[in-house]
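Structure first, then comments.
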Amino acid sequence: MRCANGIEARQVDELAINIDPIQAGGRLTGDAMKAVIAYGDGYSVCDNCRKPNRLDYISKPPIAEFHKDVAAWLNMDAVRTVPGARRGFQAVAHTYVQKGDPVLLTSLSHYTEFLAVEGAGGVACEIPANDLRMVTPDATAAKIEEVKNQSGKVPVLAFIDHVDYQFGNMHDVKGIAKVCHQYDIPVLYNGAYTVGILPVNGKDLGVDFVVGSGHKSMAAPAPSGILATTAERAAEVFRTTAIIGDVTQRKFGIKEPEMMGCTLMGVTLIGMMASFPHVRERVKHFGRELENNRIIVEGLCSVDGTKILSEMPRKHTLTRADTICSFDKVAETHKKRGFYFSSALEERGVTGVIPGATKVWKFNTYGMTDKQAKYLAEVFADIAQENGLSVKK
């Protein structure tokens, strides 16, 4: 079935249980689907744009109110929508980082955080994770001192992931932020896997910026995201333009350079707005998501030789598994090699595992029903038994 000439209709989530690690939190709600159709045109939200001609001032549809609601929801003072979390990283880095400035990241940071630092001319200084793959306040303090001693400079900014993309581990952002502030280092909280998934309180965490991903965790179309700040930092990152044309003497009002004036003009913004009431409600029930994840992890670990590389017990639904001594043993002699595993899953209505992956792979159980969770746990055991692997009851 095609939705247009040469473009197949996508039916992944309609026809299968999707455990793709980056897709689970971005599935659109029914309201967002309807909004996508109604506001699909490029500049659809600009119908009622009036002076001062800026996105976050538009009242119909209620974009201005949405910005206020998101700020209050995150317990921050100001919010802007951005084309993905990476543009939030970029805006903050461009504001504070100059050529040669050291910037704190972690050994588990996403590549887009590194690119944001590189684009601003900064130097990446990684806080190492410990043997448990956790980033700690003590390691943060040690890294700051190391950078200070080696370069003579204190890092000008810190990017800290609350839940990292590699293992789905939850790090002590509050403790790390406290350490950074002792050195007057502003802290950017990377909530790509938390904002829209579980409760986030920026001021309680003690961070200066909260960045979220609409298409990863807020049931929104791509590319979309949010950048929230404290009142103090808002005046810096959301500063307004001062440039003047030398021939025309033109000025550009209250446009914001880091936002390039306006950000999400249409379907991405409206989709995020339409899903927001559902997202705001679903974060209250994250405990149920963890319970379903526990059921699935237990089912996977019932297969002898399987290990979970993420922290246990799980605090997030993004999980990294090591099946080198279980499913990969089958791949060594199977006629399909490692592709047998994803094929077996798809035959049972499960998708999202990288084809051919049987050694180390990630999955995300967010958004499943209890029935789906129990079924998936049984599927892992069923595939194992079918291929001669030992399964614990």
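On a predicted model such as this, the values are computed, not experimentally measured, just so you know.
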Below 4.0 angstrom, N of the basic side chain to O of the carboxylate: do Glu298 and Arg294 qualify?
-> yes
Which pair of heavy atoms, one from Pro102 and one from Ser151, lies closest together, and at what distance?
-> CG-OG, 4.4 Å
Connected to Val123, directly or through other members, by ILVMFWY side-chain contacts below 4.5 Å are none
Please report the closest heavy-atom contact between Ile308 and Ala321, naming both atoms and the distance.
-> CD1-CB, 4.2 Å
Straight-line distance of Met76 CE to Arg233 CZ, nearest 0.5 Å | 10.5 Å
How about Thr323 and Ser326: does a side-chain donor come under 3.5 Å of a side-chain acceptor?
-> no
Any Lys/Arg nitrogen of Arg348 or Glu386 sitting under 4.0 Å from an Asp/Glu carboxylate oxygen of the other?
-> yes
Regarding Asn293 and Thr365, is there a side-chain donor-to-acceptor distance under 3.5 Å anywhere?
-> yes
Look at Glu256 together with Arg80 and state whether they make a salt bridge at an N to O cut-off of under 4.0 Å.
-> yes
Thinking salt bridges, do Lys174 and Asp204 make one under a 4.0 Å N-O criterion?
-> yes
Classify the ring geometry between Tyr340 and Phe327 as parallel (under 30°), tilted (30 to 60°) or perpendicular (over 60°).
-> tilted
side-chain contact (heavy atoms from CB on, under 4.5 Å) between Ile19 and Val353, worked out = CA-CA 7 Å; Ile19 58 174; Val353 174; 3.7 Å; yes
Stepwise side-chain contact (heavy atoms from CB on, under 4.5 Å) check, Ile176 with Val187 | CA-CA 9 Å; Ile176 292 170; Val187 177; 5.8 Å; no
Measuring from Lys68:NZ to Asp56:CG, what's the distance to the nearest 0.5 Å?
-> 10.0 Å
Could you check Ile270, Leu264, Leu28 and say which one makes a side-chain contact (heavy atoms from CB on, under 4.5 Å) with Pro221?
-> Leu28
So, is the end of the Arg50 side chain (NZ or CZ) under 6.0 Å from the ring centre of Tyr57 and within 45° of the ring's axis?
-> no
Starting from the C-alpha separation in whole Å, work towards a yes-or-no answer on side chain to side chain donor-acceptor pair (under 3.5 Å) for Thr317 and Asn364.
-> CA-CA 5 Å; Thr317 56; Asn364 196 338; 2.7 Å; yes
Out of curiosity, does Val283 fall in the hydrophobic cluster containing Leu74 (side-chain heavy atoms, cut-off under 4.5 Å, transitive links)?
-> yes
Any donor-acceptor N or O pair under 3.5 Å, side chains Ser310, Thr319 = no
Please state whether the rings of Phe380 and Phe363 are parallel, tilted or perpendicular, taking 30° and 60° as the class boundaries.
-> tilted
State which residues pass side chain to side chain donor-acceptor pair (under 3.5 Å) with Lys203; sequence neighbours excluded, sorted by chain then number.
-> Asp77
What's the verdict on side-chain contact (heavy atoms from CB on, under 4.5 Å) for Thr106 and Ile160, showing C-alpha distance, side-chain angles and the deciding distance?
-> CA-CA 7 Å; Thr106 81; Ile160 306 297; 4.1 Å; yes
Would Arg288 and Glu291 pass as an ion pair if we require N to O under 4.0 Å?
-> no
When clusters are formed by joining ILVMFWY residues with side-chain heavy atoms under 4.5 Å apart, either directly or through shared neighbours, do Leu105 and Ile185 land in the same one?
-> no
Taking the side chain as every heavy atom from C-beta outward, state whether Lys255 and Asn53 have any atom pair closer than 4.5 Å.
-> yes
Which atoms form the tightest heavy-atom contact between Gly352 and Pro21, and what is the distance?
-> O-CD, 3.9 Å
Parallel, tilted or perpendicular for His110 and Tyr165, by the 30°/60° rule?
-> perpendicular
Are Arg239 and Glu258 within salt-bridge range, i.e. N to O under 4.0 Å?
-> yes
Taking every heavy atom of Val154 against every heavy atom of Tyr183, the minimum-distance pair comes out as CG1-O, 3.8 Å
Nearest-0.5 Å distance, NE2 of residue His334 to OG of residue Ser343 | 8.5 Å
Do His162 and Tyr189 make the cut of ring centroids closer than 6.0 angstrom?
-> yes
For Val303 and Ala381, which heavy atoms make the closest approach, and how far apart are they?
-> CG2-CA, 4.4 Å
Relative to the ring of His316, is the ring of Tyr193 parallel (under 30°), tilted (30 to 60°) or perpendicular (over 60°)?
-> perpendicular
Nearest-0.5 Å distance, CD of residue Gln182 to CG of residue Asp184 | 10.0 Å
Once you round to the nearest 0.5 Å, how far does CD of Gln150 lie from CD of Glu145?
-> 11.5 Å
Point-to-point distance, once rounded to the nearest 0.5 Å, from SG of Cys49 to CG of Leu55 | 8.0 Å
Please name the pair of heavy atoms, one in Asp161 and one in Val173, separated by the smallest distance, quoted to 0.1 Å.
-> O-CG2, 4.1 Å
Does Phe209 have its ring centroid less than 6.0 Å away from the ring centroid of Tyr96?
-> yes
